[in-house]
Amino acid sequence: MQGSLGGAGQQLQRWAQNPWRRLSLLLIMLLTCFFIGGAIGTITGALAFLDPLAALICVAAIELAVRWRRPLLQQPGDRLGLQLLDMARIGLLYGLLLEGFKLL
């Protein structure tokens, strides 16, 4: 099991060498995180007592993603992990912003 999970990143990079597959994978990550960001805003808005905690968790998640970006920039080779992390960050942020604009 460790061997198959350890090689999953390499298999994903080999699979995503095709530009259309890479683009579809990045788009799936962006839209999934956009949906998660919208769901977080909707659920916490409906419950109305977890707003500060949800905001703290979202800010911490985005800040951790920014901090994980630096080591990924320094790695040689394929940048699929970096691109997936960026798409996740952007999708989560846009989902949260859209929910914020709905409240205006």
Side-chain angles (χ1 to χ4, degrees):
M1 183 164 170
Q2 182 181 3
S4 65
L5 289 178
Q10 295 296 330
Q11 288 176 350
L12 185 64
Q13 284 182 355
R14 274 196 310 270
W15 180 82
Q17 284 179 350
N18 184 340
W20 287 105
R21 288 181 182 170
R22 180 179 290 262
L23 184 63
S24 68
L25 186 64
L26 293 174
L27 189 61
I28 287 169
M29 179 63 81
L30 178 77
L31 294 176
T32 301
C33 289
F34 179 79
F35 174 74
I36 291 170
I40 289 171
T42 302
I43 291 169
T44 58
L47 295 177
F49 65 90
L50 292 175
D51 291 340
L53 181 62
L56 177 69
I57 291 170
C58 290
V59 168
I62 291 173
E63 183 64 28
L64 284 173
V66 169
R67 291 187 188 267
W68 285 337
R69 193 173 191 277
R70 184 174 309 255
L72 290 175
L73 276 172
Q74 296 171 351
Q75 288 181 351
D78 196 8
R79 302 271 174 129
L80 181 63
L82 177 67
Q83 292 172 342
L84 287 173
L85 182 66
D86 284 343
M87 289 295 122
R89 230 174 11 112
I90 292 168
L92 181 65
L93 184 64
Y94 282 173
L96 290 170
L97 283 175
L98 182 66
E99 285 300 314
F101 284 131
K102 285 180 185 178
L103 296 175
L104 292 178

Q) Above 12 or not: heavy atoms from other molecules or residues under 6.0 Å from CH2 of Trp68? A) no
I need the [X] [atom1] to [Y] [atom2] distance, nearest 0.5 Å.
{"X": "Cys58", "Y": "Leu92", "atom1": "SG", "atom2": "CG", "result": "5.5 Å"}
{"X": "Leu23", "Y": "Leu30", "atom1": "CG", "atom2": "CG", "result": "10.5 Å"}
{"X": "Gln83", "Y": "Leu26", "atom1": "CD", "atom2": "CG", "result": "5.5 Å"}
{"X": "Trp20", "Y": "Leu27", "atom1": "CH2", "atom2": "CG", "result": "11.0 Å"}
{"X": "Met87", "Y": "Leu31", "atom1": "CE", "atom2": "CG", "result": "10.5 Å"}

Shortest non-hydrogen separation from [X] to [Y] and the atoms involved:
{"X": "Ala16", "Y": "Leu80", "result": "CB-CD2, 3.9 Å"}
{"X": "Ile40", "Y": "Thr44", "result": "O-OG1, 2.7 Å"}
{"X": "Leu85", "Y": "Ala65", "result": "CD2-O, 3.3 Å"}

Check for me, please, whether [X] and [Y] land in the same ILVMFWY cluster - side-chain distances under 4.5 Å, paths through other members count.
{"X": "Ile57", "Y": "Ile43", "result": "yes"}
{"X": "Leu47", "Y": "Leu53", "result": "yes"}
{"X": "Leu73", "Y": "Leu84", "result": "no"}

Side chain to side chain, [X] and [Y], heavy atoms closer than 4.5 Å:
{"X": "Asp78", "Y": "Arg22", "answer": "yes"}
{"X": "Tyr94", "Y": "Ile90", "answer": "yes"}
{"X": "Phe34", "Y": "Leu98", "answer": "yes"}
{"X": "Leu82", "Y": "Gln75", "answer": "no"}

Q) For Arg79 and Leu72, what are the C-alpha separation, side-chain angles and deciding distance, and is it a side chain to side chain contact (heavy atoms under 4.5 Å, CB included)? A) CA-CA 8 Å; Arg79 302 271 174 129; Leu72 290 175; over 6 Å; no
Q | Worked verdict on Gln13 versus Gln17 for side chain to side chain contact (heavy atoms under 4.5 Å, CB included) | A | CA-CA 6 Å; Gln13 284 182 355; Gln17 284 179 350; over 6 Å; no
Q) Taking the side chain from Ser24 and the backbone from Arg21, do they hold a donor-acceptor pair closer than 3.5 Å? A) yes
Q: Could I get the full list of salt bridge (charged side-chain N to carboxylate O under 4.0 Å, His left out) partners for Arg69, not counting sequence neighbours?
A: Asp86
